[in-house]
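Structure first, commentary second.
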Protein chains: 2
Amino acid sequence: MKKRLTLKLIAKELDVSVSTVSKALRDSAEISEDTRQKIKAFAKLYNYKPNNIALSLKNRKTKTIGVIIPEIVHHYFTTVISGIEQVANEKGYHVIICTSNNSFDKEVINLEILANGSTDGFILSVAKETQQKGDYHHLTEVIEQGMPLVMFDRVIEGINCDKVIIDDMLGAKKAVKHLIEIGCKKIGLITTIDYVSVGKLRTRGYREALKESNIPINEDLILKVEDFDQSELEIQAFLKDKKVDAVFAVNEHFAIYAIKALKEQGLDVPRDVSVIAFTDGELSKRFMPSLTTINQHGEEMGAQAARLLIRKLENDEAEDEPFETIIIETSLVKRNSTKH
Amino acid sequence: MKKRLTLKLIAKELDVSVSTVSKALRDSAEISEDTRQKIKAFAKLYNYKPNNIALSLKNRKTKTIGVIIPEIVHHYFTTVISGIEQVANEKGYHVIICTSNNSFDKEVINLEILANGSTDGFILSVAKETQQKGDYHHLTEVIEQGMPLVMFDRVIEGINCDKVIIDDMLGAKKAVKHLIEIGCKKIGLITTIDYVSVGKLRTRGYREALKESNIPINEDLILKVEDFDQSELEIQAFLKDKKVDAVFAVNEHFAIYAIKALKEQGLDVPRDVSVIAFTDGELSKRFMPSLTTINQHGEEMGAQAARLLIRKLENDEAEDEPFETIIIETSLVKRNSTKH
DNA sequence: TTTCAACACGAAAACGTTTTCGCCATGATC
DNA sequence: GATCATGGCGAAAACGTTTTCGTGTTGAAA
């Protein structure tokens, strides 16, 4: 086991001082051409690499970004991470990921640990439990300590930081308008209960689309799924004898359960019923029929979040600039679960 | 923006020395009950948290684990990460994730950066390109520096380190044997070209299962997909008029393309053809029909890898123990793409 | 009164860097 | 020959900890 090479060791070996070695390696003009060459050659030969921890301590910068997400086993979040990683790596940052498992406590702990020197800033999407609780002291605390924070996807309105979101309302509206355009009149909505902010916004989009097309809103056509684990049954019951000609679901899973339920009723998708899902994941592409969806462009979202964060990190003036909220445009991806 | 509290600041504020503060906070017996209380109260009041970077430098331990995977947008890897995170967090470690994007160069760079002090050890699954190249100097280098390394899933035989793998051959065998048990005689195999080690092993499992059941191996029933992007077409062409009564696919996607192709031929799954896929992901559960699969237990794999690594990190004696290779058992998950 | 242990605390080194400052020798200038 | 700028290097501080060792004060034992 080779010991890691340090400046001190090089210095001892070449019989110069540590400072000389440091300066030589950084091409300081203070050091004569001769010794500089000698030191650099030695360092190269023995593959010297500066210790990041020591640098972090010295510079009070870690060049790493902390990412806290509710869960990693979720295709959408992995696309976001992928986007974050790309721009972060490009700019010489690395990324440290923690999952909150949708638990408030774990979110707080992760934030605290990472804030104690491990990262220069954060990108985070809050846990469900946090959203329910409405307790955001951990977020404000980090911000007060001067650590930049960028929230994405599930953001909290009141918090003073940069944000990247998608226009859930507009996305939902796009979906429903498309359904209307292809001739659907009785459009069901499968959404979540209201405390999930995205569910709420997408529901609003549904309502507005109908209103703008002068279609009366029938509350019987709206299902707010209460329990994720029971969602399949809830959806089955909901669609029973509803005679909808279209369904807009706020996520892939709901859409797929809907299609299954419809099939069991002897209905065909898309012939009898058109279905659109929010969130464009692996499932949508592969399912039969493949799903028409609203794509959220997770990579783009991650990339933008990373850019915002790094801007604040590297730009002293940016610190005082007002906080931005970037809205990522959604797009409709037409596939085979809707009529043409 | 509040300045972060340090020992020095506390010391100045309370008019004692830095060492006293440190000792008091760590409940040293050297410090009188009085001052200890005073210091702890102050620290608590102003929410003092020690700086991790300084601790890392001092202790020469970062309490973080570096994970390098080929890609994060891949359900299987996220389950592994999830497993790693769980046991890591339990033991007070955090996890820093880098993706190699299946590129050799990026794998090398990530490893180097993380090795320069950022992590205590590694868990990694090698990039495809690395496997092709056969260049493992970066791995041996880290090991020589005394950094423990655990490889998982795609492991390299010759490297001296702990490993966690699944028994690809046995898993494939299980699948094919099941197909035989339910009465299938003409079993097709859809696999990858041989340099992907898992593809090779699963192919071998297929062959052995047939051999053990005295079913002659028909090379015409084996498809080695060359180009992932063209896999759907390749599979379509392959299944044309093959008259198989079963298909074993080495991943979900191939299985789904197979099902689609079969359907287009007017065949029903599972009535006419039974299909089993290696890898149990989101798709398998949701697809129609849901897929019978070989589950790889990614979480378990991650958990074991983390345990192996942490053992080496915390146990001085463990350092000299021989390297282990843990084999995770696969299991057959029966769903609706196979006859009962 | 002297000696000593126990107690309570501080100084300093160490982890691996970077950077500021000071020092010494050299050669040029007056 | 005295002065001075310059080049080349080292000492030391700093980042925030922990830990070893030393030291001064106490009260008790001799």
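Proteins come first, then strands; the chains are lettered A, B, ... in the order of their sequence lines, and each starts at number 1. None of the values given here were measured: they were computed from a predicted structure.
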Examine [N]: is either OP1 or OP2 under 4.0 Å from a nitrogen or oxygen in the side chain of [X]? Give yes or no.
X	N	value
K61(B)	dC15(C)	no
R60(B)	dG16(C)	yes
R26(A)	dT19(C)	yes
T35(A)	dC9(D)	yes

Side chains of [X] and [Y]: do they bring a donor and an acceptor to under 3.5 Å?
X	Y	result
S103(B)	S100(B)	no
S32(B)	T35(B)	yes
Y136(B)	E141(B)	no
Q86(A)	E90(A)	no

Can you tell which of [options] lies closest to the side chain of [X]?
X	options	value
S17(B)	dT17(D), dT18(C), dA11(C)	dA11(C)
K23(B)	dA11(C), dC15(D), dT17(D)	dA11(C)
V18(A)	dT17(C), dG16(D), dT19(C)	dT17(C)
Y48(A)	dC21(C), dT17(D), dT17(C)	dT17(C)
N51(A)	dC21(D), dT17(C), dC9(D)	dT17(C)
T6(B)	dT17(C), dG10(C), dT17(D)	dT17(D)
E30(A)	dG10(C), dT18(D), dC21(C)	dC21(C)

base_contact_polar (dA11(D) base, S19(A) side chain, donor-acceptor, <3.5 Å):
yes
If you go through the side-chain atoms of K58(B), does one of them form a donor-acceptor pair with the base of dG16(C) closer than 3.5 Å?
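Absent.
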For L57(B) and dT18(C), what is the distance between atoms CG and C1' respectively, to the nearest whole Å?
13 Å
Could you tell me the separation between the CD1 atom of I39(B) and the P atom of dT18(D), rounded to a whole number of Å?
13 Å
Quick check on DNA chain C: between K49(A) and I31(B), whose nearest nucleotide comes earlier from the 5' end?
I31(B)
End axis versus end axis in the helix from dT1(C)-dA30(D) to dC30(C)-dG1(D), the angle rounded to 10°, five pairs used at each terminus
90°
Identify the residue among L111(B), V150(B), V67(B) that makes a side chain to side chain contact (heavy atoms under 4.5 Å, CB included) with F122(B).
L111(B)
Sub-4.5 Å side-chain heavy-atom contact between C98(A) and E85(B)
yes
Just wondering, do E107(B) and V126(B) contact through their side chains at under 4.5 Å, heavy atoms?
yes
Looking across every strand, which nucleic acid part, if any, lies under 4.0 Å from S22(B) by heavy atom: base, sugar-phosphate, or nothing?
base
When we call it a touch if two heavy atoms are under 4.0 Å apart, what does L55(A) touch: a base, just sugar-phosphate, or nothing?
sugar-phosphate
